Amino acid sequence: MDITKDPIEPDRLRDELIDDRAGAYVGFEGWIRNHNEGQDVLRLEYEVYVPLALSEGDKVIAEAKKKFPLLHAECVHRSGSLEIGECAVWVGVTSAHRDEAFAACRYIIDQVKVRLPIWKKEHYVDGHSGWVNCERCAEHGQLHPEAVSP
Amino acid sequence: MDITKDPIEPDRLRDELIDDRAGAYVGFEGWIRNHNEGQDVLRLEYEVYVPLALSEGDKVIAEAKKKFPLLHAECVHRSGSLEIGECAVWVGVTSAHRDEAFAACRYIIDQVKVRLPIWKKEHYVDGHSGWVNCERCAEHGQLHPEAVSP
Amino acid sequence: MSKSITVRYFAGFREHAGTDQETVSVAASTAGDVFAALKHRHGSTEPLGHCKVAINDEMAEWDSAVNDGDTVLLFPPVAGG
Amino acid sequence: MSKSITVRYFAGFREHAGTDQETVSVAASTAGDVFAALKHRHGSTEPLGHCKVAINDEMAEWDSAVNDGDTVLLFPPVAGG
């Protein structure tokens, strides 16, 4: 698991998973969409509590490797301010066959999204902003229902 | 759908799917493994009947776009002689959310593998060779049970 | 009644036949009949369901009708990816 | 009995509290007690199950015991990816 303030480079990260025993590579990327729940998004800010995001992310990856016969698995998440189109999170998995690569890639991104201490604040084109998922956080402008994110 | 004799460049192909409306990108790559069913593989040869591989591949992609709310989907398959580690097939899908990107990517690779007129001959380290999946093709050295490929 | 059919062989079928294409005269109503009549050429004992067929560059079924002058493409079990 | 607890606030909780960290004296046996006692600070009416908690940089449960001197990290609903 890695957390980075710099742009994620999926091609470079993929290359680190190359292995002659691998028959399948599945990569997932979460990109900043220009809309969420009917609102036009301008940019996003990710707040990450790094020590626990790293340890919890490592746990998730270790779980995936235990559940599925993988060769390699890795995940990188951005922190800080991101523009539309930027890659917020990357997951890459290699294995002998494709079943486990798809399943493990999906497992990792699903768990990363619900378990790692990472928060995102959306800044909208109309000027307001809000923390995603935080309907009842008593914050101004946080009127989002349960977020459906990528 | 595309069939190419040249090396597949997943990073360049991925870039063609970029879209501000996309929140999820899922990419699949099939790589040439150094083993298959207990045998050490030296290299592979793909024979492709291009006209029907293209039209059937386009059908598969169109089906995926009908089944799932995608933004973009593409598939490229190699033909000719490939070495261990080379990318034999790439599938890339973008969509607003990840559910459909995973499902569509999986759908496309599954269908491409069973429907497109593409055959692979494995050349083994011990000198013999055989057409994968062709147990009863009455060819010399083709003693493979149903192949479990990436 | 015999029909003139151009048969194209692929992969293992081509290697067994020693040619990628030939025109033959066969008594055949369907693509499956062509496959059966040419067993000595493609050499396959695969169940038809494992193989595929195209007629005049369109994917077809084994019970699809063949006409005089058609080109029938015999595909051994595919293995893309 | 009151304990001295260092509380760390994240994201919306931090913005509501106006600080990322403070040391408070609270009568609390569990992490959940700390969350409840500091409702006026983090401002959340989220169900506990939507939020997460860590004690001394280890993920914890809401019924995990807190001890004098512990640091309790209050996490609003996460939204990675």
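Quick note on labels: first sequence line is chain A, next is B, and so on, each numbered from 1. Note that the structure is a prediction, hence the values are computed from the model and not measured.
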A.B. asks: For B/I18, which atoms come within 4.5 Å of any heavy atom of chain A: side chain, backbone, both, or neither?
C.D. replies: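 Both backbone and side chain.
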A.B. asks: Which residue out of A/A88, A/C105, A/G85, A/G92 racks up the most heavy-atom pairs below 4.5 Å with chain B?
C.D. replies: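 Option with the greatest count: A/C105.
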A.B. asks: Name the option with the most non-hydrogen atom pairs under 4.5 Å to chain B; the candidates are A/P10, A/C87, A/A22.
C.D. replies: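 Heavy-atom pair counts peak at A/A22.
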A.B. asks: Can a salt bridge be assigned to the pair B/D110 and A/R98 using a cut-off of 4.0 Å between side-chain N and carboxylate O?
C.D. replies: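 Here B/D110 pairs with A/R98 in a salt bridge, since their nearest N and O are under 4.0 Å apart.
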A.B. asks: Can you tell me which portion of B/D19 sits under 4.5 Å from chain A's heavy atoms? Options are side chain, backbone, both or neither.
C.D. replies: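 When you check distances to chain A, only backbone atoms of B/D19 fall under 4.5 Å.
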A.B. asks: Is chain B contacted by the side chain of A/S95, its backbone, both, or neither, given a heavy-atom distance below 4.5 Å?
C.D. replies: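 Contact with chain B: none, neither part.
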A.B. asks: List the steps and the verdict of side chain to side chain contact (heavy atoms under 4.5 Å, CB included) for B/V26 and A/R106.
C.D. replies: CA-CA 10 Å; B/V26 174; A/R106 184 68 203 251; over 6 Å; no
A.B. asks: For B/H35 and A/A96, which heavy atoms make the closest approach, and how far apart are they?
C.D. replies: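 B/H35 and A/A96 have their closest heavy atoms at NE2-CB, 4.5 Å.
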A.B. asks: Determine, step by step, whether B/D11 and A/E9 satisfy the side chain to side chain contact (heavy atoms under 4.5 Å, CB included) criterion, reporting the C-alpha distance in whole Å, the side-chain angles of both residues, the deciding distance to 0.1 Å, and the verdict.
C.D. replies: CA-CA 10 Å; B/D11 51 334; A/E9 297 172 284; over 6 Å; no
A.B. asks: Using a 4.5 Å cut-off on heavy atoms from C-beta on, say whether the side chain of A/R21 contacts that of B/N34.
C.D. replies: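 Side chain of B/N34 against side chain of A/R21, heavy atoms only: contact under 4.5 Å found.
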A.B. asks: Working to the nearest 0.5 angstrom, can you tell me the gap between A/R14 CZ and B/R14 CZ?
C.D. replies: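 Output value for this atom pair is 12.5 Å.
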A.B. asks: Please report the interatomic distance CG(A/N36) to NE2(B/H97), rounded to the nearest 0.5 Å.
C.D. replies: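 The distance works out to 7.0 Å.
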A.B. asks: Measure the acute angle between the ring planes of B/W31 and A/Y25, then classify it against the limits of 30° and 60° as parallel, tilted or perpendicular.
C.D. replies: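 B/W31 and A/Y25: parallel rings.
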